[in-house]
Student: 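Just passing along the structure, written as structure tokens.
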Amino acid sequence: MLENIQFANPQFFWLLLLLPLAVVWYLLKRKKETAPLKISSVKGFKAGGSILPRLKPILFVMRLLALAALITAMARPQTLDISSRTKTTRGIDIVMALDFSSSMLAKDLRPNRLIALKEVVAEFIKNRPNDRIGLVAYAGESYTPIPVTSDKALVLNTLDQLDFETLKDGTAIGMGLATAVNRLKDSKAESKVIILLTDGVNNTGVIEPLTATELAKEYHIKTYTIGLGTNGMAMTPVAYNPDGSFRYGMQKVEIDEKLLKDIAKETGGKYFRATNNRKLEEIYEEINQLETTEIEEFKYYNYDEKFRPLALLAGALLFLELLLRYTVFRSFV
């Protein structure tokens with residue numbers, strides 16, 4: 001309970017230093033008021049003696065306690081209850097355009113590119129509680145599994161269910177970017193961002209990547225691009241086995257980095273290359289830092305003053321001290 005108490009005017013506690021001085025003054029004054037009396041015998045004073053003279057210093061103690069309580073009340077003890085409310089003043093709408101072609105099953109990332117990507121993207125989504133996020137999946141074609149929404153649980157659940165078998169195989173970067181632009185073009189957010197990831201070269205689709213880039217520029221949509229894949233060779237699906245599973249073989253990793261750099265540059269974004277799991281995590285962490293959301297926080301302070309009981313206690317002690325002084329301890333001298 002005491003740890004929640006604070007004092008609005010703690011400088012008044014300096015007055016407590018006067019109390020020891022008052023004690024010294026009282027002792028000196030009491031000594032002077034006690035005159036010595038020499039008599040041959042005190043036998044006549046033993047019977048019928050009163051204890052009241054010995055108790056009279058209680059009056060001074062009561063006055064000291066009253067002063068201490070009054071000084072503490074002047075320091076204004078109080079408890080503080082702080083409540084806060086946050087308001088997003090600059091919202092960001094983000095669409096993540098993710099490549100779901102069969103090459104995303106390559107094993108240069110662990111356990112493969114697709115699973116590694118899902119884990120990192122899920123963490124990124126969790127770290128953006130104040131923004132709306134949507135997903136675009138593309139391969140040989142593209143579609144929107146979930147539009148921009150503030151329901152992060154729904155986005156995460158949708159991401160978990162996405163798989164390379166959902167779409168016709170291929171890499172239609174232009175289609176993926178155009179679909180993402182279409183999801184954001186009517187957004188009222190002050191900042192609109194696309195994060196486009198691919199592990200290959202544009203080889204299909206009815207919309208050219210540079211055409212989609214012009215659309216992104218027209219609607220003022222910043223685009224970050226990520227090339228996913230190691231440098232050199234990677235264990236990649238090359239054919240189907242008779243049982244329908246993939247047959248893997250070493251294939252050269254080809255990513256159109258020039259195209260991805262051009263898209264990022266033209267839209268005011270940035271290009272990244274992720275060659276392993278850790279690098280992919282760092283890229284999304286950097287984007288998370290680059291695209292900050294402005295939050296305005298309102299704090300409300302509720303002060304509960306506690307000086308009243310102390311003031312009443314001081315008054316009660318002074319009243320009792322005066323009452324005893326002019327009744328029980330009254331002196332007629």
Student: Quick one: do Ile173 and Val201 end up in the same hydrophobic cluster if we chain Ile, Leu, Val, Met, Phe, Trp and Tyr together by side-chain heavy atoms under 4.5 Å apart?
Tutor: no

Student: Any side-chain heavy-atom pair from Ile263 and Tyr271 closer than 4.5 angstrom?
Tutor: no

Student: Return yes when atom NZ of Lys279 has more than 12 non-hydrogen atoms of other residues, nucleotides or ligands closer than 6.0 Å, and no otherwise.
Tutor: no

Student: Test your reading of the model: is there a side-chain donor-acceptor pair from Thr158 to the backbone of Leu154, 3.5 Å cut-off?
Tutor: yes

Student: How many angstroms lie between CD1 in Ile94 and CG in Leu135, if you round to the nearest 0.5 Å?
Tutor: 11.0 Å

Student: Is there a salt bridge (charged side-chain N to carboxylate O under 4.0 Å, His left out) between Lys270 and Glu286? Walk through the geometry before answering.
Tutor: CA-CA 11 Å; Lys270 188 176 180 180; Glu286 182 174 347; 2.6 Å; yes

Student: Rounded to the nearest 0.5 Å, how far does CG of Leu65 lie from CD of Glu321?
Tutor: 11.0 Å

Student: Looking only at the side chains, is there a donor atom on one of Ser187 and Asp93 sitting less than 3.5 Å from an acceptor on the other?
Tutor: yes

Student: Taking side chain as C-beta onward, heavy atoms only, is Leu167 less than 4.5 Å from Tyr143?
Tutor: yes

Student: What heavy-atom pair brings Ile283 and Ala274 nearest, and what distance separates the two atoms?
Tutor: CD1-CB, 3.6 Å

Student: To the nearest 0.5 Å, what is the distance between CD1 on Ile125 and CD1 on Ile133?
Tutor: 5.0 Å

Student: Are Leu156 and Val148 connected in the hydrophobic side-chain network, where two residues link if heavy atoms are under 4.5 Å apart?
Tutor: no

Student: With distance as the sole criterion, is a donor-acceptor pair present between the side chains of Arg110 and Asn277 under 3.5 Å?
Tutor: no

Student: Counting distance only, does the side-chain N/O of Lys306 pair as donor-acceptor with the main-chain N or O of Ala73 below 3.5 Å?
Tutor: no

Student: Rounded to the nearest 0.5 Å, what's the gap from CZ on Phe329 to NZ on Lys56? Could you check?
Tutor: 8.5 Å

Student: Between Pro237 and Ala106, which heavy-atom pair has the shortest distance, and what is it?
Tutor: CD-N, 4.1 Å

Student: Membership question, hydrophobic clusters at under 4.5 Å side-chain separation (ILVMFWY): are Leu228 and Met96 in the same one?
Tutor: yes

Student: Are any of the side-chain heavy atoms of Arg113 and Leu105 separated by less than 4.5 Å?
Tutor: no

Student: Compute whether any side-chain donor of one residue and acceptor of the other, for Asp151 and Thr149, lie under 3.5 angstrom apart.
Tutor: no

Student: Are Phe124 and Leu114 joined in one hydrophobic group, where the rule is that I, L, V, M, F, W and Y side chains link up if heavy atoms are under 4.5 Å apart?
Tutor: yes

Student: Indicate yes or no: at least one non-hydrogen side-chain atom of Lys29 is less than 4.5 angstrom from one of Trp25.
Tutor: yes

Student: Stepwise, does the salt bridge (charged side-chain N to carboxylate O under 4.0 Å, His left out) test hold for Asp256 with Lys258?
Tutor: CA-CA 6 Å; Asp256 194 342; Lys258 182 181 184 307; over 6 Å; no

Student: Is the shortest side-chain heavy-atom distance between Glu305 and Thr79 below 4.5 Å?
Tutor: no

Student: Do Thr198 and Asp99 have side-chain N/O donor and acceptor atoms under 3.5 Å apart?
Tutor: yes

Student: For Gln161 and Lys118, work out which heavy atoms get closest and say how close.
Tutor: C-NZ, 4.4 Å

Student: Donor-acceptor pair, distance only, cut-off 3.5 Å: does the side chain of Asn9 make one with the backbone of Gln11?
Tutor: no

Student: Under 6.0 Å from the six-membered ring centre of Tyr248 and within 45° of its axis: does the NZ or CZ of Lys107 meet both?
Tutor: yes

Student: Are any non-hydrogen side-chain atoms of Val206 and Met175 less than 4.5 angstrom apart?
Tutor: yes

Student: Take atom CD in Gln78; do more than 12 heavy atoms of anything else shown fall under 6.0 Å from it?
Tutor: yes

Student: Quick one: CG on Leu310 to CG on Leu70, what's the gap to the nearest 0.5 Å?
Tutor: 9.5 Å

Student: Determine whether the side chains of Thr275 and Asn231 contain a donor N or O and an acceptor N or O closer than 3.5 Å.
Tutor: no

Student: Do Thr144 and Thr179 have side-chain heavy atoms sitting under 4.5 Å apart?
Tutor: yes

Student: Looking only at atom types and distance, does a side-chain atom of Thr236 sit under 3.5 Å from a main-chain N or O of Ala234, one as donor and one as acceptor?
Tutor: yes

Student: Please round to the nearest 0.5 Å and tell me the distance separating atom CG of Leu67 and atom CG of Leu317.
Tutor: 10.0 Å

Student: Grab the two heavy atoms, one from Gly174 and one from Asn202, that are nearest each other, plus how far apart they are.
Tutor: N-OD1, 3.4 Å

Student: Is Phe272 reachable from Met104 through a run of I, L, V, M, F, W or Y residues, each pair having side-chain heavy atoms under 4.5 Å apart?
Tutor: yes

Student: Could you check whether any side-chain heavy atom of Leu196 comes within less than 4.5 Å of a side-chain heavy atom of Tyr138, counting everything from C-beta outward?
Tutor: yes

Student: Take Lys222 and Glu291 through the test salt bridge (charged side-chain N to carboxylate O under 4.0 Å, His left out) and record every step on the way to the result.
Tutor: CA-CA 10 Å; Lys222 185 188 298 183; Glu291 294 298 328; 3.0 Å; yes

Student: If we count only N and O atoms by modelled type, under 3.5 Å, do the side chains of Asp169 and Ser101 hold a donor and an acceptor together?
Tutor: no

Student: Could you go step by step and tell me if Arg278 and Glu285 meet the salt bridge (charged side-chain N to carboxylate O under 4.0 Å, His left out) rule?
Tutor: CA-CA 11 Å; Arg278 182 56 198 154; Glu285 288 172 2; 3.7 Å; yes

Student: Given 3.5 Å as the limit, does a donor-acceptor pair link the side chain of Thr267 with the main chain of Ala216, or not?
Tutor: no

Student: Tell me if the NZ atom of Lys265 is crowded by more than 12 foreign heavy atoms within 6.0 Å.
Tutor: no

Student: Taking it one step at a time, do Tyr26 and Phe60 satisfy ring pair (Phe, Tyr, Trp, His ring centres under 6.0 Å)?
Tutor: CA-CA 8 Å; Tyr26 175 78; Phe60 180 70; 4.1 Å; yes

Student: Between Phe307, Phe13, Tyr303, which is the residue that forms a ring-ring contact (aromatic ring centres under 6.0 Å, His included) with Phe7?
Tutor: Phe13

Student: Is the side chain of Thr211 donor-acceptor paired with the backbone N or O of Ile207 at a distance under 3.5 Å, no angle test?
Tutor: no

